[in-house]
Asker: 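My questions all concern the structure below.
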Amino acid sequence: MADEETKLTNKKKKETIKPIVPKTAVDLQRLQYEKLMKDPDKNVPIPEKRKEWKPTDPKDFVRFVMGSSAGAGSGEFHVYRATRRRENNRTEYLEREAKQEAENEDYKKKLEENKLKAEEKTAKKRAKRQRKKQKKNLAKKKKELENKQGTIIVILSIPYIIICCKMYNVMHCMDGYFHRRHKRTRN
């Protein structure tokens with residue numbers, strides 16, 4: 001009896017664990033996703049970025065220097081070719097690094113220039129908004145003070161300070177000159 005129950009449970013397990021062969025890329029992706037989501041507490045291995053290839057430094061002392069003397073064997077050509085290939089790879093790497101560094105420098109310089117241009121533009125617009133706001137506030141204050149008669153009006157404007165006396169219809173500017181305003185009729 002117990003043997004029959006274990007056989008049935010084993011049969012059920014085998015039926016549930018049928019291997020699914022993915023037919024499309026979507027199926028493959030779905031299977032991978034389901035595998036990941038079976039155990040959400042399990043850490044997912046994230047591969048690290050591959051290290052960039054770097055050539056070995058040139059040797060300080062070179063044995064078997066190739067010369068133009070007679071008697072070089074046939075094996076020396078292969079040694080020469082290998083050293084030439086290594087040196088060419090090393091110089092290409094150094095040139096590539098220099099080019100990459102120059103491009104990075106140009107990119108950073110361009111970013112700085114763009115940032116400065118944007119800051120200048122925003123500063124200019126900010127100053128314009130502030131001037132407009134100041135002008136609006138001055139007009140509002142001037143209008144309020146013009147409603148009162150016989151008062152001295154002091155207006156702060158950007159170029160210089162203007163002092164207006166409505167009673168005598170005269171403006172005194174900080175540049176030292178008196179300027180006549182439009183004639184006003186007395187009530």
Side-chain angles (χ1 to χ4, degrees), residues 13-141 155-162 173-175:
K13 285 181 184 177
K14 286 181 182 177
E15 288 176 4
T16 58
I17 309 175
K18 286 185 177 178
I20 302 170
V21 179
K23 295 179 182 175
T24 62
V26 176
D27 292 340
L28 179 66
Q29 203 170 26
R30 185 174 40 79
L31 286 174
Q32 289 172 345
Y33 178 74
E34 287 173 357
K35 183 179 175 184
L36 282 173
M37 295 312 288
K38 274 185 184 176
D39 189 10
D41 297 332
K42 185 179 177 184
N43 289 335
V44 178
I46 299 172
E48 291 183 17
K49 189 177 178 182
R50 289 178 60 189
K51 292 181 181 178
E52 188 177 336
W53 175 82
K54 184 181 174 189
T56 57
D57 294 330
K59 296 179 181 177
D60 294 333
F61 180 75
V62 180
R63 301 170 196 257
F64 311 118
V65 177
M66 307 298 160
S68 61
S69 64
S74 61
E76 301 300 319
F77 173 72
H78 303 293
V79 174
Y80 163 74
R81 194 170 60 174
T83 55
R84 187 184 68 183
R85 181 182 46 80
R86 279 193 296 271
E87 183 62 21
N88 286 342
N89 287 344
R90 191 180 73 80
T91 55
E92 283 175 13
Y93 172 78
L94 293 175
E95 288 171 0
R96 205 171 38 245
E97 284 292 311
K99 184 180 177 184
Q100 185 80 22
E101 197 172 306
E103 286 175 356
N104 286 343
E105 237 177 79
D106 291 343
Y107 177 72
K108 286 179 183 178
K109 199 180 287 183
K110 191 165 187 171
L111 279 180
E112 283 294 319
E113 287 174 5
N114 289 346
K115 191 175 181 182
L116 287 174
K117 283 181 185 177
E119 286 176 4
E120 288 174 3
K121 201 172 184 181
T122 53
K124 189 176 177 182
K125 287 184 179 182
R126 184 185 311 114
K128 188 175 179 181
R129 282 194 309 271
Q130 288 173 349
R131 283 195 305 268
K132 189 176 178 182
K133 187 176 179 182
Q134 187 180 17
K135 191 175 180 181
K136 186 178 178 182
N137 288 340
L138 287 173
K140 188 176 180 183
K141 285 180 184 178
I155 301 172
L156 297 174
S157 68
I158 295 169
Y160 42 73
I161 299 174
I162 302 172
C173 300
M174 293 304 288
D175 60 359

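Predicted model, so just to flag it, every value in this text is computed and none were measured. Any value given below was found using the heavy atoms of this structure, including those in side chains, with hydrogens, waters and symmetry copies removed.
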Asker: Could you grab the distance from atom CG of Leu138 to atom NZ of Lys133, nearest 0.5 Å is fine?
Answerer: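 That separation rounds to 12.5 Å.
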
Asker: With sequence neighbours left out, write down each residue that passes side-chain contact (heavy atoms from CB on, under 4.5 Å) with Arg129, or none if nothing qualifies.
Answerer: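 Arg129: side-chain contact (heavy atoms from CB on, under 4.5 Å) contacts with Lys125, Arg126.
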
Asker: My understanding is that only residues two or more places apart in sequence, or in another chain, count here; which of them pass side-chain contact (heavy atoms from CB on, under 4.5 Å) with Asp39?
Answerer: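 side-chain contact (heavy atoms from CB on, under 4.5 Å) check on Asp39 returns Asp41, Lys42.
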
Asker: Nearest 0.5 angstrom please: Gln134 CD to Lys141 NZ, how far?
Answerer: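 That separation rounds to 9.0 Å.
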
Asker: Quick one: pull up NE2 in His78 and CZ in Arg81 and give me the separation to the nearest 0.5 Å.
Answerer: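 Result: 6.0 Å between the selected atoms.
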
Asker: Without placing hydrogens or testing angles, list every side-chain donor-acceptor pair under 3.5 Å for residues 25-38, not counting sequence neighbours.
Answerer:
from, atom 1, to, atom 2, distance (Å)
Asp27, OD1, Arg30, NH2, 3.2
Asp27, OD2, Lys23, N, 3.4
Asp27, OD2, Thr24, OG1, 3.4

Asker: Among pairs that include at least one residue of residues 84-107, which meet side-chain hydrogen bond (donor to acceptor under 3.5 Å, both in side chains), considering only residues two or more places apart or in two chains?
Answerer: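 Checked against side-chain hydrogen bond (donor to acceptor under 3.5 Å, both in side chains) - neighbours excluded - the pairs reaching residues 84-107 are Glu87-Arg90.
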
